[in-house]
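Have a look at the structure below, then the notes.
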Amino acid sequence: MEWPRTVDDAVALQERLRTQVITTSAPDLRIDTVAGLDVGYRSNDTVAGVCVVFDAKTLVVLDEVVVEDTTDFPYIAGLFAFREMPVLLRALDRVTVAPDLLVADGQGLAHPRRFGLACHLGVHTSIPSIGVAKNAMGAFEQPGNVRGSMSDLVMDGDNGDEVVGRALRTQDGVKPVFVSVGHKIDLDRACAEVLRLAPRYRLPETTRRADTLTRQAVSSG
DNA sequence: GCGACAG
DNA sequence: ATCTTGTCGC
């Protein structure tokens with residue numbers, strides 16, 4: 001289908017694609033490489049998209065791509081993907097190492113229509129994906145204070161409360177991050193991967209590196 | 001009408 | 001997202 005340009009079309013596309021999300025991991029799912037994706041803004045419509053691929057085990061950077069672009073879709077909570085997807089896909093296309101998992105800077109299923117940026121990326125590429133957000137979209141109780149503690153992230157759904165993700169403490173005493181499934185992976189595995197990607201800081205290395213490259217791109221020529 | 005609201 | 005230095009604390 002065509003890339004939507006209106007709010008109504010964007011919402012309709014999410015409603016249609018949400019049925020394709022897979023929330024389980026393939027029995028043979030192996031994650032050796034992980035990509036971090038992020039977008040930075042130079043102005044309201046000039047953006048830089050980044051895709052960084054890490055070795056999942058050693059956290060060594062295997063490849064990095066930065067692309068600049070323009071965007072016409074405004075920022076609207078819930079329609080975030082329509083603003084950032086185009087650049088991110090361009091960056092992802094140019095990476096030379098195939099990622100086994102995509103880590104998006106935002107929500108996956110923890111979304112009003114259960115189809116956030118991470119779901120868009122996963123369904124579009126068929127690559128397992130997860131969303132790691134700095135802020136929650138949903139309610140949660142404070143997880144335990146030690147690294148690895150987690151609690152359910154819930155949102156109001158058709159049949160009452162739905163567990164849409166998890167508040168995960170990646171370091172002792174820091175604010176939790178909000179993990180939700182994007183596509184082709186289960187929530188437990190998603191959280192385990194985030195912990196593996198965040199051995200030292202609150203945010204996963206994928207997010208940190210992508211963010212650094214992103215603002216480096218928008219601030220310098 | 002008022003507050004919420006990923007980046 | 002972005003505006004942005006030093007500073008308090010482990």
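Side chains included, hydrogens not; waters and symmetry mates left out as well; all remaining heavy atoms used. Sequence lines set the chain letters: A, B, ... in the order given, protein chains first and strands last, and positions in each chain run from 1.
- Not counting sequence neighbours, the partners of A:R196 by the side-chain hydrogen bond (donor to acceptor under 3.5 Å, both in side chains) test are A:E193.
- Among the atoms of the strands shown, base atoms are found under 4.0 Å from some heavy atom of A:F80.
- Note on A:G131: nothing from the nucleic acid sits closer than 4.0 angstrom, heavy atoms only.
- Using bins of under 30°, 30° to 60° and over 60° for the plane-to-plane angle, the ring pair A:H120/A:F82 lands in the perpendicular bin.
- Under the ring pair (Phe, Tyr, Trp, His ring centres under 6.0 Å) criterion, A:Y201 pairs with no residue at all, not counting sequence neighbours.
- Atom OG1 of A:T207 and atom CZ of A:R202 lie 10.0 Å apart (nearest 0.5 Å).
- Residues in residues 5-36 of chain A take part in no ring pair (Phe, Tyr, Trp, His ring centres under 6.0 Å) pair, two or more places apart or across chains.
- By the side-chain hydrogen bond (donor to acceptor under 3.5 Å, both in side chains) test, A:T46 is found to be paired with A:S43, residues two or more places apart in sequence or in another chain being considered.
- Within the 4.0 angstrom heavy-atom criterion, no nucleotide atom of any strand lies near A:L109.
- For A:F140, the ring pair (Phe, Tyr, Trp, His ring centres under 6.0 Å) partners at least two apart in sequence or on another chain are A:F178.
- Under the ring pair (Phe, Tyr, Trp, His ring centres under 6.0 Å) criterion, A:F54 pairs with no residue, sequence neighbours left out.
- Rounded to the nearest 0.5 Å, atoms CG (A:L29) and CD1 (A:I185) are 5.5 Å apart.
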Show me the side-chain donor-acceptor pairs of residues 90-101 of chain A shorter than 3.5 Å, one per line, residues at least two apart or across chains.
residue: A:R90; atom: NH1; partner: A:E68; partner atom: O; Å: 3.1
residue: A:R90; atom: NH1; partner: A:D69; partner atom: OD2; Å: 3.1
residue: A:T96; atom: OG1; partner: A:D63; partner atom: OD2; Å: 2.9
residue: A:D100; atom: OD2; partner: A:D32; partner atom: N; Å: 2.8
residue: A:D100; atom: OD2; partner: A:T33; partner atom: N; Å: 3.1
residue: A:D100; atom: OD2; partner: A:T33; partner atom: OG1; Å: 3.3

Point to revise | Secondary-structure notation, DNA chain C, from Watson-Crick and G-U pairs under 3.5 angstrom (| other strand) | key: ..........
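- Interface limits on DNA chain C: the 5'-most and 3'-most nucleotides within less than 4.0 Å of chain A heavy atoms are C:dA1 to C:dT2.
- Looking only at side-chain heavy atoms (C-beta outward), A:M150 and A:R169 stay at 4.5 Å or farther from each other.
- Applying the side chain to side chain donor-acceptor pair (under 3.5 Å) test to pairs two or more places apart or on separate chains, those with a residue in residues 151-167 of chain A are A:R114-A:E162, A:R166-A:D188.
- For DNA chain B, the span of nucleotides reached by chain A at under 4.0 Å from its heavy atoms goes, 5' to 3', from B:dA6 to B:dG7.
- No more than 12 heavy atoms of other residues, nucleotides or ligands shown are found within 6.0 angstrom of NZ on A:K57.
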Practice item. Fill in the dot-bracket string of DNA chain B, one character per base: . for unpaired, | for a pair to another strand, ( ) or [ ] for pairs within the strand, taking Watson-Crick or G-U pairs under 3.5 Å. Key: .......
